[in-house]
Colleague: 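Following this message is one structure expressed as structure tokens.
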Amino acid sequence: MTTITEARAAAPDGTARKLSYVKAFNEGLAQAMREDENVFVAGEDVAGYGGVFRMFDNLLDEFGPRRMIDTPISEAALVGLGVGAAARGLRPVVDLMFMDFIGVCLDQIVNQAAKMKYMFGGALSVPLTITTASGAGLGAAAQHSQSLEAWLAHVPGLKVVMPSDAYTAKGLTVSAIRDDNPVVVMLNKVLLGSAGEVPEEIYGIPLGQAHTARQGSDVTVIALGRMVGEALAAADELAVQGVEIEVIDPRTVQPLDTETMFASVRRTNRALVVHEAVTFGGLGAEIAAQIQDAAFDHLDAPVLRIGAPFSPVPFSPVLEKAYVPDRARIAEGCRRLLERS
Amino acid sequence: MTTITEARAAAPDGTARKLSYVKAFNEGLAQAMREDENVFVAGEDVAGYGGVFRMFDNLLDEFGPRRMIDTPISEAALVGLGVGAAARGLRPVVDLMFMDFIGVCLDQIVNQAAKMKYMFGGALSVPLTITTASGAGLGAAAQHSQSLEAWLAHVPGLKVVMPSDAYTAKGLTVSAIRDDNPVVVMLNKVLLGSAGEVPEEIYGIPLGQAHTARQGSDVTVIALGRMVGEALAAADELAVQGVEIEVIDPRTVQPLDTETMFASVRRTNRALVVHEAVTFGGLGAEIAAQIQDAAFDHLDAPVLRIGAPFSPVPFSPVLEKAYVPDRARIAEGCRRLLERS
Amino acid sequence: MAQRTSKKSADPAANQETAQVVKDLHERMVRIRLFETEAGKLMEAGRLPGFLHLYVGQEAVAAGVMAALRDDDQITSTHRGHGHAVAKGVGLREMYAELYGRVTGACLGRGGSMHINDLTRGMLGANGIVGAGVPIAVGAAFAARYKGEDSVAVTFFGDGATNIGAFHEGANMAAILGLPVVFVCENNGYAEFTPQSGHMLLTDVADRAAAYGMPGVIVDGMDALAVHRAAADAVARARAGAGPMMIEAKTYRFYDHQGVKGLRHPYRSDEEVAEWKARDPIDLLEARAVADGTATRAELDEVWQRTRDEVAEAIAYAEASPLPDPADLLLNVYSG
Amino acid sequence: MAQRTSKKSADPAANQETAQVVKDLHERMVRIRLFETEAGKLMEAGRLPGFLHLYVGQEAVAAGVMAALRDDDQITSTHRGHGHAVAKGVGLREMYAELYGRVTGACLGRGGSMHINDLTRGMLGANGIVGAGVPIAVGAAFAARYKGEDSVAVTFFGDGATNIGAFHEGANMAAILGLPVVFVCENNGYAEFTPQSGHMLLTDVADRAAAYGMPGVIVDGMDALAVHRAAADAVARARAGAGPMMIEAKTYRFYDHQGVKGLRHPYRSDEEVAEWKARDPIDLLEARAVADGTATRAELDEVWQRTRDEVAEAIAYAEASPLPDPADLLLNVYSG
Ligand SMILES: Cc1ncc(C[n+]2csc(CCOP(=O)(O)OP(=O)(O)O)c2C)c(N)n1
Ligand SMILES: Cc1ncc(C[n+]2csc(CCOP(=O)(O)OP(=O)(O)O)c2C)c(N)n1
Ligand SMILES: [Mg+2]
Ligand SMILES: [Mg+2]
């Protein structure tokens with residue numbers, strides 16, 4: 001299971017190719033489509049327009065209208081189309097545009113896609129990939145900014161990935177498509193344009209394997225999606241002050257690689273979880289609950305959670321900025337943890 | 001805030017009236033309808049048939065078709081009807097029959113009802129009550145047995161109550177209807193026929209106030225919905241063995257009265273949370289995360305969570321029995337907690 | 001306005017139906033009827049856990065449609081799915097074993113009545129969520145066309161289900177993508193306990209087809225031959241690439257919405273029930289077959305007897321089957 | 001088939017429209033046009049955060065419908081909601097302040113463009129979820145009837161929105177409950193970048209009304225008077241208790257789906273855009289008013305000038321308004 005670091009190391013120093021997060025996603029998807037003729041894409045304005053976030057740019061040109069399908073605004077039917085096609089052996093990639101729209105089609109995701117294999121006694125697989133853009137930070141307000149991974153990770157039968165950079169946007173997407181289960185790929189809207197090193201060849205990133213993005217001995221910070229970058233920035237800032245934080249990127253939140261977290265916390269004795277979603281009932285709760293159990297005797301302080309306050313995402317940028325966790329709040333959280341004896 | 005115990009104490013000893021859980025719900029609803037002309041009920045087969053769980057028996061006779069509305073199978077429009085009517089000053093009670101159906105109408109609950117007041121800058125309130133039956137135990141399988149409170153409690157703007165007995169079924173329903181926010185009342189299907197003492201007069205139970213159902217000094221058990229009764233049964237069993245467990249019934253899971261839990265755990269030094277929902281990402285995670293934080297220096301053992309395993313609800317009764325937490329698993333959990341130094 | 005095709009059954013062309021088709025339809029209907037009435041008895045006797053939505057009365061629809069399908073054609077079904085499963089050829093043993101929650105069941109005992117499926121027979125599952133099967137069938141049809149196969153998908157749903165969003169979205173999706181889907185509305189006049197007049201203003205559900213630019217036809221759902229002809233036309237049309245269409249079969253359920261008999265509230269009048277029972281779809285087909293000389297009474301009786309034996313054997317098989325092992329609780333949650 | 005009412009605008013009866021109505025329509029349209037074009041400029045200049053779905057081109061619809069409504073009539077709107085808000089009488093100051101995210105905004109800066117509302121004007125909110133406003137309007141109409149009031153509810157939605165479940169369910173719900181709801185489809189030919197022919201097989205969205213047993217009419221959405229007549233009829237009908245109906249207004253948006261100009265992909269031809277712009281709804285009404293003698297050029301110009309001033313003042317107000325205080329982040333999450 002060393003594919004990730006290997007792929008990364010493979011990029012010759014200095015000459016590494018950089019790609020934006022959304023282009024990395026797009027490249028992974030295109031390569032997965034070349035790899036497997038059964039992969040197709042359906043969604044609103046994914047074909048002719050290339051997706052409102054440019055996620056699907058140029059794919060119509062290469063793959064044609066047979067494999068790139070524009071659909072009506074009918075998310076329940078769209079996901080259902082994916083479920084039925086997956087049940088019949090295809091590997092659909094279905095796009096939900098904004099994650100917030102999931103409320104109109106959750107039945108198909110949760111009661112159909114996720115449960116079908118189990119309810120049917122194992123008679124089939126549902127290799128469905130659902131792509132969607134999540135997260136706040138663009139002044140898109142309460143119905144276009146949510147991070148709802150906690151809902152999905154609570155559903156047996158689903159897998160959920162949250163790419164934190166261009167490299168993972170590509171690799172996790174490829175793995176999601178190759179996986180025989182329904183997988184939701186939560187892209188982050190703010191990250192779309194951010195560049196990172198991305199190998200040219202197709203590569204997967206094992207689902208359910210966390211990545212230690214930075215090593216450190218003082219505090220373990222587990223960060224989801226875009227918060228990984230914020231945590232790394234906080235780590236830089238804290239390093240100047242002599243505090244070394246370890247940053248763990250779970251990459252997949254269902255299944256969740258808790259072993260990597262436990263091992264880290266048993267070394268650092270302090271843990272902080274950060275995500276964009278509201279704190280109450282967020283995945284930070286699950287992670288904190290598991291850590292306090294598995295590392296009970298190692299903790300020098302309670303597991304700290306940082307998330308959004310308990311309100312819808314506000315529109316006004318001044319409020320939104322105060323709403324979404326950032327490097328400053330993470331750094332401050334680490335300092336608070338270290339103040340506890 | 002002593003209304004609950006007062007109402008209870010008011011019942012003259014020995015002569016206390018018993019009512020089934022579903023009749024207690026029905027009585028509370030009827031009384032709330034008498035109290036406020038603006039309360040009406042809409043849902044599938046709620047009027048002419050009285051609801052498939054008999055929740056609405058006899059209400060058509062008393063309140064007539066103006067206030068008891070049978071609707072088509074259109075849950076999104078049904079909840080939307082409630083949102084629009086609530087926005088215009090009525091106090092709708094909208095029934096979703098099985099909680100599992102929430103996936104077809106979650107947008108109206110989460111993006112409309114819950115966020116409207118906030119997004120609209122406070123211009124209105126949405127005093128909407130949504131009733132629904134949750135829980136496993138009747139061989140209803142994966143699409144008719146779920147407990148999805150973790151989804152709803154994660155949504156700012158919503159309130160969620162989980163009556164654990166006939167008394168709370170009535171009081172929480174009355175409070176939900178009187179409340180100016182959208183409140184989801186999660187009745188438990190297995191409890192529908194179970195009887196308990198219920199005062200005849202109308203009474204509310206404060207939302208967001210936990211109830212200590214049994215006092216004890218050795219372990220704090222926080223139990224949701226039907227699990228309260230299982231925890232009390234486990235307590236009886238453990239008491240014989242000299243172990244005294246304290247049982248806390250949060251009653252409302254959003255907002256969640258954590259202070260009562262913290263105070264208890266600071267005395268008992270051990271906590272167990274039990275719910276029917278799958279453990280991963282369930283409310284037990286939130287409760288455990290909060291307790292390990294607030295009572296860090298008091299805990300003699302990690303907070304233990306008991307929930308369903310990570311699978312859809314199985315049909316076969318032999319599997320379903322193994323799936324749903326019960327008194328035996330709770331008692332065993334308590335013993336495990338006590339074994340830790 | 002939707003075309004009413006039920007009249008056809010009285011025209012001379014009807015006499016050209018082969019004896020083969022009549023016998024096929026008869027056998028499928030008898031299998032459903034006996035499967036269901038026995039399941040009802042087992043439920044009444046308290047031997048089956050869970051819910052039971054009996055299909056009795058509607059047999060002509062499942063039989064008529066399924067006789068027009070190939071094994072590789074796909075169907076999606078509903079909470080009232082036994083009739084579709086039996087008619088599509090799912091084994092009675094696996095079905096009873098599933099109702100009993102046995103590990104030999106169609107879902108290994110994990111799904112129960114509302115999730116019976118058989119992928120080898122193109123039975124893509126009953127469904128506990130009203131309307132949810134509709135878009136899934138659209139997806140199955142998409143897959144067929146994508147793979148260059150000429151199979152079609154049929155989705156069954158009730159009158160009540162046409163009020164839910166998934167139906168609307170699925171129908172429009174099939175239409176705009178021009179997919180080989182046949183939409184079969186089994187209009188039994190009720191959604192649970194609410195009469196059709198209480199849940200929509202239309203008399204004919206088939207009139208909804210026009211909203212998607214697809215043809216809609218109405219057929220007498222108690223007349224298996226009429227259903228079969230309409231289905232054969234729609235299937236041929238879809239198979240030829242002419243896109244989806246809708247069939248509304250006017251039918252009736254002889255039992256209660258769920259379980260064996262009504263609980264309280266007499267939401268249907270005795271007269272209404274009696275009127276429909278007088279048009280029992282099996283009686284109708286048998287009378288006609290005997291009158292036509294398509295089959296003799298003895299031949300028909302033989303089907304009943306043979307099926308009775310098979311049903312009894314299947315029940316015995318189910319009862320003798322082992323229960324699932326709780327140690328396998330997490331089996332099949334994920335693939336791989 | 002839906003009735004085509006647009007022809008009426010050419011008949012002699014049209015001349016009887018009072019000058020009052022023409023002026024009312026004109027003023028509403030000019031207000032929308034100037035509000036929107038200025039908002040577009042502010043967005044291009046990078047001064048507004050968030051999304052902006054401009055309504056320019058469709059003004060005749062909002063104006064025509066709103067001129068038929070009373071203040072206590074309720075509307076629900078869409079992501080493209082500014083036109084509806086302006087026409088319903090929401091203050092321009094509060095609207096701009098909201099676009100700027102100021103605490104003086106219609107949502108106290110919490111909602112932005114897609115949640116503008118004004119309960120004192122019966123504006124029950126724009127909505128970021130396609131179709132979601134439809135059932136909410138049905139609920140508002142329910143409340144009116146429940147309280148014995150004779151107000152009606154109007155729900156606006158696009159051609160693309162008629163493919164989503166909430167539209168279907170809401171329409172059927174209104175029909176079966178006989179509620180005073182007017183369904184106004186603003187068919188601008190596109191759902192984002194997908195032409196109507198790519199998302200439904202129908203030419204006329206109004207033909208979907210029949211699926212709910214309600215009348216559907218088609219109107220020239222560039223002709224404010226025609227829209228107004230159709231709306232007045234539908235509103236009068238609903239108010240009288242005759243139930244819901246649907247109006248399809250054929251219209252066009254002059255800007256891109258979101259923001260001010262198209263990003264890439266020319267999904268609409270220049271010719272098509274030019275053709276529609278040649279039928280600018282404000283130009284049409286003005287030309288006619290001048291020809292009719294209903295209004296003089298000077299009177300019309302005065303409206304433009306007055307409104308320009310008002311818009312400028314409203315923008316200045318918004319810019320001078322304070323930002324919300326982050327300490328108030330949790331304001332209005334709950335009532336009480
Ligand atoms: C989304 C959803 N809403 C409600 C139900 C509960 N329910 C099960 S069957 C049924 C009635 C279905 O009526 P119809 O579609 O006419 O089918 P029939 O039962 O008559 O065969 C209802 C309301 C459900 N299973 N799913
Ligand atoms: C449920 C949902 N799906 C998708 C979207 C994204 N979206 C916003 S506007 C739009 C197109 C709407 O088209 P139409 O209804 O014709 O309205 P128009 O934009 O033309 O005014 C889409 C797909 C959304 N907001 N909500
Ligand atoms: Mg029916
Ligand atoms: Mg449009």
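Below, read A as the first sequence line, B as the second, and so on, with proteins coming before strands; counting in each chain starts at 1.
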Colleague: With respect to chain B, which residue among D/A132, D/A126, D/G111 yields the maximal number of heavy-atom pairs within a distance under 4.5 Å?
Modeller: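 Winner by heavy-atom pair count: D/A132.
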Colleague: Does some side-chain heavy atom of D/V333 sit less than 4.5 Å from a side-chain heavy atom of B/P156?
Modeller: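 Counting from C-beta outward, B/P156 and D/V333 do come under 4.5 Å.
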Colleague: Looking at D/V138, D/I129, D/D118, which has the largest count of heavy-atom pairs under 4.5 Å with chain B?
Modeller: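 Winner by heavy-atom pair count: D/I129.
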Colleague: Which of the residues B/D180, B/N38, B/L90 is involved in the greatest number of heavy-atom pairs with chain D at under 4.5 angstrom?
Modeller: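 Greatest number of close heavy-atom pairs with chain D: B/L90.
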Colleague: If you look at every heavy atom in D/G170 and B/A77, which pair is closest and at what distance?
Modeller: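 Closest pair (atom of D/G170, atom of B/A77, distance): N-CB, 3.7 Å.
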Colleague: Locate the shortest heavy-atom distance separating B/Q112 from D/I136; write the atom from each residue and the value.
Modeller: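 Looking at all heavy atoms of both residues, the closest pair is OE1-CD1, 3.8 Å.
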Colleague: Quick check on the interface: out of D/I116, D/V103, D/L124, who has the most heavy-atom pairs with chain B under 4.5 Å?
Modeller: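 The candidate making the most pairs under 4.5 Å is D/L124.
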Colleague: At under 4.5 Å between heavy atoms, what parts of residues 144-154 of chain D are in contact with chain B? List them by residue number.
Modeller: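 Heavy-atom contacts from residues 144-154 of chain D to chain B are D/Y146, D/K147, D/E149.
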Colleague: Could you have a look at B/E37, B/R67, B/E75 and say which one has the most heavy-atom pairs with chain D under 4.5 angstrom?
Modeller: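 Between B/E37, B/R67, B/E75, the count favours B/R67.
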Colleague: Is chain B contacted by the side chain of D/N127, its backbone, both, or neither, given a heavy-atom distance below 4.5 Å?
Modeller: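 Side chain only.
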Colleague: List the atom of D/S335, the atom of B/N181, and the distance in Å for their closest heavy-atom pair.
Modeller: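 Smallest interatomic distance, heavy atoms only, reads N-OD1, 2.7 Å.
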Colleague: For B/G121 and D/L108, work out which heavy atoms get closest and say how close.
Modeller: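 That would be O-CD1, 3.3 Å.
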Colleague: Under a 4.5 Å cut-off applied to non-hydrogen side-chain atoms, are D/E169 and B/L78 in contact?
Modeller: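 Side chain of D/E169 against side chain of B/L78, heavy atoms only: no contact under 4.5 Å found.
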Colleague: So, taking the atom named OG1 in B/T71 and the one named CG in D/N172, what distance separates them when rounded to the nearest 0.5 Å?
Modeller: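 Reported value, rounded in 0.5 Å steps: 10.0 Å.
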Colleague: Quick check on D/Q74 against chain B: is it the side chain, the backbone, both or neither that has a heavy atom closer than 4.5 Å?
Modeller: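 Answer is side chain: those atoms of D/Q74 sit under 4.5 Å from chain B.
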Colleague: Chain B: which of D/P135, D/G165, D/G131 shares the most heavy-atom pairs with it under 4.5 Å?
Modeller: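 Of D/P135, D/G165, D/G131, D/P135 has the most heavy-atom pairs under 4.5 Å with chain B.
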Colleague: Less than 6.0 Å separating the ring centroids of B/Y118 and D/Y334?
Modeller: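 For B/Y118 and D/Y334, the ring centres are not under 6.0 Å apart.
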Colleague: Heavy atoms only: give me the nearest D/L177-B/D70 pair and the separation to one decimal.
Modeller: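 Distance-wise, the nearest heavy atoms are CD2-O, 4.3 Å.
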Colleague: Answer with side chain, backbone, both or neither: which region of D/I176 has an atom nearer than 4.5 Å to a non-hydrogen atom of chain B?
Modeller: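 Side chain of D/I176 only, per the 4.5 Å heavy-atom cut-off to chain B.
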Colleague: Measuring from atom CZ of B/R88 to atom CG of D/L119, what distance do you get when rounded to the nearest 0.5 angstrom?
Modeller: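 Rounded to the nearest 0.5 Å, the CZ-CG separation comes out at 7.5 Å.
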Colleague: What parts of residues 93-105 of chain B touch chain D if we use heavy atoms and a cut-off under 4.5 Å?
Modeller: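 The residues closer than 4.5 Å to chain D amount to none at all.
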